[in-house]
Protein chains: 2
Amino acid sequence: MSGQEGTFPSPGDAGVTTSPGDLFDPLCPTRLLLDRVGSRWTTMAVLSLAAADGELRFAELKRVMAGISPKMLAQTLKALERDGLVARRVEATKPPRVHYRLTGLGMTLVEPLRGLREWAERYIPVVRDNARAFDGTL
Amino acid sequence: MSGQEGTFPSPGDAGVTTSPGDLFDPLCPTRLLLDRVGSRWTTMAVLSLAAADGELRFAELKRVMAGISPKMLAQTLKALERDGLVARRVEATKPPRVHYRLTGLGMTLVEPLRGLREWAERYIPVVRDNARAFDGTL
DNA sequence: CAGAATCCTGCGAGATACTG
DNA sequence: CAGTATCTCGCAGGATTCTG
């Protein structure tokens with residue numbers, strides 16, 4: 001767990017692929033992203049940490065992300081840490097306290113996510129109406 | 001296959017909150033969005049249709065979305081049509097031709113998606129490096 | 001408190017074959 | 001060509017229990 005923290009890219013280096021069909025390719029960036037962010041828990045964890053605007057402990061996250069099992073939380077956090085999106089800080093007290101926060105990299109993900117979320121809040125009601133209408137006329 | 005509500009032991013708090021924690025709530029817009037767009041195929045379909053900038057036929061989509069089974073394609077398209085994101089046009093020829101295109105609503109989704117995609121193309125390499133480094137120092 | 005280990009289950013999703 | 005119908009299997013993900 002060395003410094004995957006400050007490991008920022010040269011913003012200049014470009015994408016690998018640009019055609020959408022490559023989503024099928026396991027190496028396609030967008031596919032890789034979806035493999036991670038496609039999960040509810042991952043997204044929720046990032047959004048929760050972003051909302052906290054600082055650190056949250058395991059139990060706090062567990063409370064905020066109502067309904068998540070400790071297993072899934074640990075798993076989700078580990079994946080995020082592995083990817084360098086979340087940083088883990090252990091306080092070596094007798095009952096250990098572990099704090100999680102978004103890394104700089106993790107924070108860059110918040111904006112695109114917010115875009116999705118804004119879309120959802122604006123249009124999902126329409127989508128629900130569509131779906132109901134569609135079902136009604138079946 | 002109509003309503004899938006009630007699967008959750010909704011906790012006592014009946015909140016109309018907008019905090020990210022609501023992703024747990026089956027009614028949360030963002031959750032609903034993730035349930036749809038979280039899937040690779042759905043995203044790929046929208047992106048493919050957006051890239052085509054017009055209509056695509058079933059077989060064309062099948063070709064573009066390499067590797068998808070007819071079942072998954074039909075399923076994905078039906079869901080998108082149900083949500084009003086994609087429009088279906090049937091040409092009643094002897095071998096029927098069916099065309100799909102994004103609706104106006106569907107097009108509004110492209111931008112947020114593009115945001116995600118740009119993030120992916122810029123940062124996924126970093127993420128991969130982080131993951132490899134993380135695994136290496138395990 | 002933070003997590004690891006274990007068991008169990010539903011259904012997401014692929015492959016295949018068939019029909020209008 | 002544009003789908004539907006079936007079967008199967010993997011594994012995500014929930015509940016539960018245990019430990020440092």
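A, B, ... follow the sequence lines: proteins, then strands. Residue 1 opens every chain.
Straight-line distance from the CZ atom of A/R40 to the P atom of D/dG13: 7 Å, rounded to whole Å. Rounded to whole angstrom, the span from the CG atom of A/L73 across to the P atom of D/dA12 amounts to 17 Å. Atom CD of B/Q75 and atom C1' of C/dG12 are 8 Å apart (whole Å). When rounded to the nearest whole Å, the span between NZ of B/K62 and C1' of C/dT16 equals 12 Å. B/L77 has its CG atom 10 Å from the P atom of D/dT4, to the nearest Å.
Nearest-nucleotide mapping onto DNA chain D: of A/P96 and A/S39, the residue sitting toward the 5' end is A/S39. Nearest-nucleotide assignment on DNA chain D puts the 5′-proximal partner with B/R97, out of A/M72 and B/R97.
Under the 4.0 Å criterion applied to side-chain N and carboxylate O atoms, A/E55 and A/R57 are not assigned as salt-bridge partners. Taking 4.0 Å as the cut-off between side-chain N and carboxylate O, A/E118 and A/R122 do not count as a salt-bridged pair. The pair A/R132-A/D135 does not count as a salt bridge, with every side-chain nitrogen at least 4.0 angstrom from each carboxylate oxygen.
Contact annotation: B/R88 reaches the phosphate of D/dG3 (side-chain N/O to OP1 or OP2, under 4.0 Å). Residue B/R57 has no polar side-chain atom (N or O) positioned under 4.0 Å from OP1 or OP2 of D/dC1.
Contact detail for A/L109 and A/L33: the closest heavy-atom pair is CD1-CD1, 4.4 Å.
When heavy atoms are screened at a 4.0 angstrom cut-off, B/K78 is found touching the sugar-phosphate backbone but no base atom. Base contact: A/K71 has a heavy atom under 4.0 Å from a base atom.
The nucleotide whose nearest atom lies closest to any side-chain atom of A/P70 is, among D/dT16, D/dG14, D/dG3, D/dT16. If you check C/dG3, D/dG14, C/dT16 against the side chain of A/Y100, the one that comes closest is C/dG3. Of all nucleotides listed (D/dA2, C/dG3, C/dA15), D/dA2 comes nearest to the side chain of B/F58.
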